[in-house]
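Below: the structure, in structure tokens.
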Amino acid sequence: MDPNIESASGPAGGDDPAPAPHAPGGETEALTPTELRLRAVAVAARFYGVDLDISEYRGPAGEPYPSPASLVKWLTEQGLLAKATVLKWKNLFRFRETSPVVILLRDGTAGLVIGADAQRDIVWVKSPAARDSEPAVAVDRLRLEQAWGGEVVLVRRAVAQTDADAPFTLGWIFRQVGNEKKLLWQISYASVVLSILAIVPAFLVMSTIDRVLEFNSIATFYLLFTLMLTIMFFDMLLGWARRELVNVIGAKLDAKLNLQIFSRMLGLSLEFFERSQAGETIGRLAMVAKVREFITGKLLTTVLDASTMLILVPVLFYMEATLATITFAVAGVIAIIVISFLHPVGRLVGLQVQAEHKKMAVLTETVHGIRTVKTLALEPQQKQIWDERVAESTGWRLAAGRMANWPQTMIDPLQTFMSRGVVVFGAYLALQANSGVDRGALIAFMILSGRVSSPLVSFARLMEDFQEVRTAVGQIAKVLNNPPEVRNVSDGMRPRFEGRVAFEDVTFTYPLGSRPALNRVNFDVPPGTMLGLVGRSGSGKSTITRLLQGINREYSGAVKIDGMEMREINLAHLRKSLGVVLQDNFLFRGTVKDNIISGRAGLTLEDAVRAARLAGAEEFIERMPQGYDTWIEEGSPNISGGQRQRLAIARALITNPRIMILDEATSALDPESEALVNANLVRIGKGRTMVIVSHRLSSLVNCDLIMVLDRGEMLDIAPHSVLVERCSVYRTLWNQQNRHISAAQVATPALTQGE
Ligand SMILES: Nc1ncnc2c1ncn2[C@@H]1O[C@H](COP(=O)(O)OP(=O)(O)O)[C@@H](O)[C@H]1O
Ligand SMILES: [Mg+2]
């Protein structure tokens with residue numbers, strides 16, 4: 001036997017303390033179990049073209065090595081489909097065409113099953129530490145099961161991504177419903193049961209009346225009474241089953257739609273949110289409630305009714321053909337009326353919905369900007385706008401209601417005729433001497449026809465609501481069908497950054513801009529540079545930082561980090577590797593600690609403290625009543641601007657990013673807070689590339705390089721001392737901002753001269 005197989009067995013008990021290479025496969029480097037497990041899943045991921053950076057892994061605290069669940073969570077975050085499960089030996093033979101199967105060994109290490117030979121009853125195993133060129137090792141059942149308890153992680157490319165990328169349409173929604181095989185099965189099962197429940201009592205009535213009515217006795221009365229009770233009971237059961245079904249399906253669909261809509265919304269580009277009003281977007285997305293209500297309410301009921309009708313219609317014709325014909329003819333007329341009003345009603349409803357969104361937008365805007373509204377005493381103006389919007393939406397609502405009133409008015413008498421007129425007509429038929437009408441059938445018909453006429457009418461009504469739902473879906477689609485930022489989170493490279501940043505002939509114009517925001521910008525700074533950006537407002541400083549973050553990607557030329565084109569780098573990875581602090585940073589509701597860590601897995605209070613210390617935030621956090629557990633409200637009214645900025649810097653620093661961007665981070669601060677933050681910048685910048693935008697040149701004098709921008713063009717890039725000499729725009733700015741200093745400088749020689 002292959003001597004290598006010996007090493008495959010390993011100590012079964014797992015009580016060997018040394019992280020020895022238990023995983024089968026030739027030579028192995030000395031790797032910890034954690035590294036082996038991560039490498040193993042990384043190899044499986046690479047099979048699908050996804051490069052994982054195992055140093056990025058942050059498992060929950062207290063795990064000696066990654067548990068199957070933690071590995072799955074991590075893989076899922078990276079855009080793969082992963083599943084942890086327990087397999088038997090013979091199951092390993094089923095995975096020949098897929099990626100390597102990651103087997104998790106008892107001692108915390110892992111191996112990769114890359115093939116299996118059922119005839120020889122062996123599997124081919126490779127150690128994650130082995131080089132690509134090394135051959136796999138044949139392992140038999142006995143050996144493997146000594147080290148392996150059956151735990152595996154299966155990795156697949158996320159096929160669901162393609163479904164999530166599909167445009168949001170009604171068809172898409174129905175496909176989502178259609179994917180719920182179990183639910184659909186429940187529905188069809190239920191509708192058959194419901195149909196039987198609906199028919200049985202009528203047949204009971206029919207047969208008993210035919211047999212008993214002749215005797216005209218009190219017994220007949222008791223019988224009828226009992227029958228009535230039975231029918232009531234069945235009806236009760238029927239109602240319960242229906243409502244239960246609608247509840248369950250409604251809840252499931254609601255959860256599904258909500259999850260999908262939120263994740264799609266998050267996938268949209270920042271550009272989209274910048275050019276659309278928040279209120280309108282929220283209003284549109286809220287229309288999902290309407291879609292859900294329609295599908296689980298009207299549509300589901302109708303589907304249930306329709307299946308009942310399929311069974312009932314022949315029964316009705318069998319019982320009393322004339323009456324059945326009349327019933328369906330009337331239903332046909334109702335349908336024609338409803339359909340002919342579909343278009344005009346739908347148009348008005350669409351207009352009303354639009355007006356409603358505009359109204360919502362005013363509300364949101366006012367609430368968001370309430371500080372400005374109050375301080376500028378804009379209440380009357382806002383009220384005026386609101387009044388106009390309310391008038392508009394009310395007007396359309398009235399118009400739509402009026403239009404919908406017409407078909408309703410015409411349908412009402414027809415509906416009455418269907419339920420009562422048919423009874424009268426039936427009685428007339430029964431009274432005719434030799435009509436041959438079966439009385440039992442007549443009564444049964446009356447019981448059943450109620451079950452048919454109302455669904456027929458609601459079926460026609462369905463079309464009306466359908467129109468409304470189409471509008472709703474259209475509104476949601478206007479938000480969700482904007483191009484997503486990246487198609488697939490698993491696309492692109494995930495390198496470890498050093499921090500070299502270069503722009504090569506970059507020209508960029510905003511989608512709605514008239515002239516380029518950046519015009520042929522060229523620069524190249526080595527890792528660890530502290531780069532300052534200056535220029536007038538609108539000169540393109542923020543645009544440079546936006547291109548670096550991959551917010552705008554439709555530029556010409558190349559933006560490179562460590563020589564790699566920005567657009568080839570995985571976007572999620574890029575953003576995680578950057579630390580960004582803006583002028584106005586949003587702190588979320590939660591504690592100081594939560595805000596600094598902001599949900600990143602595997603980070604502890606210690607990391608938060610370290611980041612806070614580096615950001616110069618430690619001093620004031622420790623003075624807070626509950627320290628790191630101090631609660632911050634939305635909009636953070638309980639901390640000052642300077643404190644908020646320092647928290648934001650700590651939050652950006654927590655991942656120890658190679659590249660840090662500060663866009664006017666200190667511009668809104670008072671001089672003292674600004675000086676505090678600036679004093680920390682040099683310390684923060686150690687070992688990373690810093691891109692600092694500021695319109696106050698004094699905070700940039702210490703930068704290694706300062707870039708001067710003007711109307712999207714790069715005028716110069718050099719250290720401060722050089723720029724003051726050779727760049728006139730910079731000199732002008734410098735003199736403007738430091739008039740007092742230059743005045744003093746000018747004054748001093750004058751004095752010496754005078755002496
Ligand atoms: N989202 C946007 N859409 C359209 N034009 C924009 C957008 N953001 C900025 N611009 C324009 O691009 C130019 C550069 O803007 P920006 O980089 O923000 O300047 P700075 O940060 O130097 O003040 C300006 O003329 C500005 O009007
Ligand atoms: Mg700016």
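Order of listing sets the numbers, starting from 1, for every ligand and every atom in it. Predicted model only: the values in this text are computed from it and were never measured.
- Excluding waters, the count of protein N/O/S atoms less than 2.8 Å from the Mg ion (ligand 2) comes to 1.
- The side-chain heavy atoms of Ile173 and Val291, taken from C-beta on, include a pair separated by under 4.5 Å.
- A donor atom on one side chain and an acceptor atom on the other are not found under 3.5 Å apart for Asp663 and Gln583.
- At a 4.0 Å heavy-atom cut-off, ligand 1 does not touch Glu271 at all.
- Here atom 21 (O) of ligand 1 lies nearest to Ser542 when heavy atoms of Ser542, Gly535, Ser537 are compared.
- Between Glu619 and Arg623, at least one side-chain N (NZ, or NE/NH1/NH2) sits under 4.0 Å from a carboxylate O, which counts as a salt bridge.
- Contact check on Arg284 versus Glu280 returns a salt bridge, with a Lys/Arg side-chain nitrogen under 4.0 Å from an Asp/Glu carboxylate oxygen.
- Distance check on atom 4 (C) of ligand 1: some protein heavy atom falls below the 4.0 Å cut-off.
- Contacts of Glu274 with ligand 1, taken as heavy-atom pairs under 4.0 Å, involve the side chain alone.
- Where the criterion is an N or O separation shorter than 3.5 Å, residue side chain and backbone included, Gly540 meets it with respect to ligand 1.
- For the residue pair Glu504 / Asn522, no side-chain donor-acceptor distance below 3.5 Å is found, with atom types taken as modelled.
- The heavy atom nearest to atom 13 (C) of ligand 1, out of those in Ser539, Gly538, Pro511, is found in Gly538.
- The residues Arg613 and Glu622 are annotated as not salt-bridged, no charged nitrogen and carboxylate oxygen being separated by less than 4.0 angstrom.
- With respect to Asn595, the side chain to side chain contact (heavy atoms under 4.5 Å, CB included) criterion is satisfied by exactly one of Thr630, Asn585, Ile632: Ile632.
- Remark: ligand 1 atoms within the under-4.0 Å shell around heavy atoms of Arg536 are 22 (O).
- If you check which protein heavy atom lies closest to atom 22 (O) of ligand 1, you get Lys541 N, 2.9 Å.
- Glu565 has no carboxylate O lying under 4.0 Å from a charged side-chain N of Arg553, or vice versa, which leaves the two without a salt bridge.
- For Arg726 and Asp716, the salt-bridge test passes: some basic side-chain N is under 4.0 Å from an acidic carboxylate O.
- A salt bridge does not link Arg658 to Glu498: none of the charged side-chain nitrogens sits closer than 4.0 Å to a carboxylate oxygen.
- Between the side chains of Tyr555 and Thr509, no donor-acceptor pair is found at a separation under 3.5 Å.
- Here the heavy atom of the protein found nearest to atom 2 (C) of ligand 1 is Tyr510 CD2, 3.4 Å.
- For atom 17 (O) of ligand 1, the closest non-hydrogen atom of the protein is Thr543 OG1, 2.4 Å.
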